[in-house]
Every structure is written in structure tokens, then in C-alpha cells.
Amino acid sequence: MSEITPGLWQLLLSGLWVTVQLTVGSAALGGTVALVVGVARTHRRWIVRFAAGCYFEVFRGMSALILMFWIFFVLPLGLGWQLVPMWAAVLALGLTYGAYGSEVVRGALAAVPAGQREAALALGFGPARTTARVLLPQAWPEMIRPLNNLLVELVKGTALVSVMGVSDLAFGAALVRNATGQSAPVYTVILVAYFLLAFVLTRGMRALERRARPGAVPPEPAPGPAPGTVPPPAVRTPATAAPGAGERR
């Protein structure tokens with residue numbers, strides 16, 4: 001076994017940066033897909049709902065890893081040009097997790113009371129304006145926690161790209177392990193790194209939730225009497241007698 005040199009640590013840091021880039025790119029694509037498909041699944045036209053539902057069912061049932069291979073190896077046969085592994089991974093992860101996120105969007109929109117849509121239409125709002133100005137602002141707070149779970153799963157799912165030769169955190173760990181023969185310190189560091197990424201994302205999403213739902217944070221209870229003390233008795237105010245109640249006829 002050999003020591004882990006500063007150059008090898010730099011390799012892990014470079015892999016961490018690639019993992020962050022993969023997460024941001026896949027989350028941006030997945031969020032866009034989730035919003036478009038989720039709203040389409042609540043559309044009034046059945047053909048739009050059918051097309052969005054087909055997308056959801058197809059991509060939910062696909063393996064993200066096999067989809068990466070298909071985009072990288074099979075899709076170029078029809079296009080005549082090939083994506084770099086990084087973009088093939090972003091496309092596969094974004095389309096897959098976008099399908100999962102579309103169910104979150106659809107469920108949050110369905111949870112908005114039907115009276116809100118009817119009131120907006122009665123005020124002259126069109127369907128698109130009703131969705132953008134009335135339904136989505138009310139549904140957004142309900143989406144944050146499920147989307148947080150999907151983001152954490154996406155961070156862990158980026159490790160799949162290492163099998164395609166993308167130099168992410170998992171790929172860098174494999175190189176360092178092969179160069180030094182040390183498994184325990186290398187994979188312990190990688191384990192902690194993935195946890196920290198997920199922890200930072202979770203804290204950010206919780207802060208976003210507090211801003212979206214300021215009333216969701218319970219107020220602090222009022223301070224009570226100190227232990228061992230007797231609270232003062234309540235002071236009763238005398239009732240005001242009605243005019244003429246004490247007069248005799």
C-alpha cells in the first residue's frame with residue numbers, strides 16, 4: 001500500500017466538482033421536465049394528458065443506467081453524431097428524475113381546492129393564467145419536501161456515471177483506490193462527501209420551505225412560571241350591572 005499523495009486528493013476534489021456539475025445540470029433539466037409534464041397531466045384536453053402520462057410511465061419504468069448507455073451508444077447511430085459522456089449522463093438523469101418529479105407536481109396541483117380554479121375562471125382568467133397565477137403558487141409549498149427527496153436521490157444517482165468513464169467522485173475514488181490499494185480511507189471520505197452534499201441540499205430546501213410557508217414554523221411558546229412557584233390567581237373584573245337593575249319599582 002502507498003500513501004495518498006496531494007495529487008490524488010486533488011483528483012478527488014476534481015471528481016467532487018464534476019459531481020456538483022452533474023447534479024446541477026440534471027436537476028435543472030429534471031425540474032423543467034417535471035413542471036411541463038406535471039402541468040400537462042392536469043390539462044383539460046385528454047390528448048395532452050395521455051401524452052404526458054405515456055412519458056411518465058415510460059421513463060419511470062426505465063433504468064437510468066441503461067438509458068445512459070442507450071443515449072451514448074445507440075442514439076448516435078440515428079443522429080450521426082455522439083454526445084460526450086457528461087452530457088449523455090445529464091440527459092439520462094434529467095429525463096428519468098423529471099418523470100418522478102412530474103408526479104410530485106401533478107399531485108400538488110390536484111391538492112389545490114377546485115374552488116380556486118373555478119373562482120379564477122369566473123374572474124376571466126384563462127387556463128394558462130389560472131395555472132401560473134393561482135394554482136402553482138398554492139401548490140409550490142407542497143412540492144418542496146418531495147422534491148427534496150428526489151434531489152438527494154439524484155445526488156446519489158450521479159455515481160452511476162462512473163461506469164461511462166465520467167470522472168466524477170466515484171470514478172476518482174476508484175482511481176485513487178487502485179493507485180494506493182487503500183479502500184477504507186478512500187471510500188470513507190467519499191461516503192462523507194456524498195452525505196455532506198445531501199445535507200447541504202436538504203438544509204437549503206428547508207430554508208426555501210420556510211420562506212414559501214412562513215406560517216408552517218410554529219411560534220415559540222410563551223414563558224411559563226418558574227418550577228416550584230405558584231402562578232398568581234386570575235383577577236376577576238366585576239360585571240357591569242345593567243342600567244336600572246338595582247332600582248325598585
Side-chain angles (χ1 to χ4, degrees), residues 1-34 59-77 79 81-101 144-208:
M1 292 186 183
S2 58
E3 296 292 332
I4 302 178
T5 62
L8 294 178
W9 287 114
Q10 184 64 35
L11 182 62
L12 292 180
L13 289 177
S14 299
L16 177 62
W17 174 239
V18 172
T19 297
V20 172
Q21 290 178 307
L22 281 168
T23 302
V24 172
S26 302
L29 176 60
T32 303
V33 170
F59 281 89
R60 184 181 64 169
M62 285 186 179
S63 166
L65 180 60
I66 303 303
L67 183 59
M68 285 182 204
F69 289 150
W70 190 88
I71 292 174
F72 187 70
F73 293 109
V74 180
L75 190 60
L77 299 179
L79 297 179
W81 51 273
Q82 191 173 37
L83 290 172
V84 297
M86 179 80 168
W87 287 112
V90 168
L91 191 59
L93 291 173
L95 293 176
T96 302
Y97 284 89
Y100 300 151
I144 296 178
R145 290 192 180 184
L147 291 179
N148 180 26
N149 294 334
L150 283 179
L151 271 177
V152 172
E153 290 297 323
L154 176 59
V155 171
K156 296 183 289 186
T158 57
L160 295 174
V161 306
S162 61
V163 301
M164 295 181 59
V166 179
S167 55
D168 71 321
L169 195 56
F171 186 81
L175 291 180
V176 174
R177 191 265 175 194
N178 292 336
T180 62
Q182 300 187 35
S183 299
V186 173
Y187 285 113
T188 300
V189 169
I190 300 307
L191 198 66
V192 172
Y194 277 110
F195 166 76
L196 290 178
L197 285 175
F199 181 77
V200 170
L201 278 176
T202 300
R203 301 310 299 178
M205 293 295 285
R206 287 186 179 178
L208 189 62

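Please read all numbers here as calculations on a predicted model, not as lab measurements. Below, all heavy atoms of this structure are taken into account, side chains as well, without hydrogens, waters or symmetry copies.
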Calculate, to the nearest 0.5 Å, the distance between atoms [atom1] and [atom2] belonging to [X] and [Y] respectively.
X: L67; Y: L75; atom1: CG; atom2: CG; answer: 9.5 Å
X: L196; Y: L191; atom1: CG; atom2: CG; answer: 10.0 Å
X: Y97; Y: L154; atom1: OH; atom2: CG; answer: 6.0 Å
X: E153; Y: T96; atom1: CD; atom2: OG1; answer: 13.0 Å
X: L160; Y: F69; atom1: CG; atom2: CZ; answer: 9.0 Å
X: Q10; Y: L16; atom1: CD; atom2: CG; answer: 11.0 Å

Which residues share a salt bridge (charged side-chain N to carboxylate O under 4.0 Å, His left out) with R203, sequence neighbours left out: none

Where is the tightest heavy-atom contact between [X] and [Y], given as atom of each residue plus distance?
X: P85; Y: V166; answer: CB-CG2, 3.6 Å
X: L169; Y: A193; answer: CD2-CB, 3.7 Å
X: L93; Y: G157; answer: CD2-O, 4.1 Å
X: I71; Y: P76; answer: O-CD, 3.4 Å
X: D168; Y: F171; answer: OD1-N, 3.1 Å
X: A92; Y: M68; answer: CB-CG, 3.4 Å

I144 backbone acceptor or donor facing N148 side chain under 3.5 Å: no

Candidate pair L22 and V90, rule side chain to side chain contact (heavy atoms under 4.5 Å, CB included), full reasoning: CA-CA 6 Å; L22 281 168; V90 168; 3.8 Å; yes

Candidate pair T23 and L197, rule side chain to side chain contact (heavy atoms under 4.5 Å, CB included), full reasoning: CA-CA 10 Å; T23 302; L197 285 175; 5.7 Å; no

Given side chains that start at C-beta, do those of [X] and [Y] come closer than 4.5 Å, heavy atoms only?
X: I190; Y: L12; result: yes
X: L91; Y: L95; result: yes
X: N149; Y: R145; result: no

Atom CZ of F199: over 12 foreign heavy atoms under 6.0 Å: no

Evaluation steps, side chain to side chain contact (heavy atoms under 4.5 Å, CB included), between T19 and V161: CA-CA 9 Å; T19 297; V161 306; over 6 Å; no

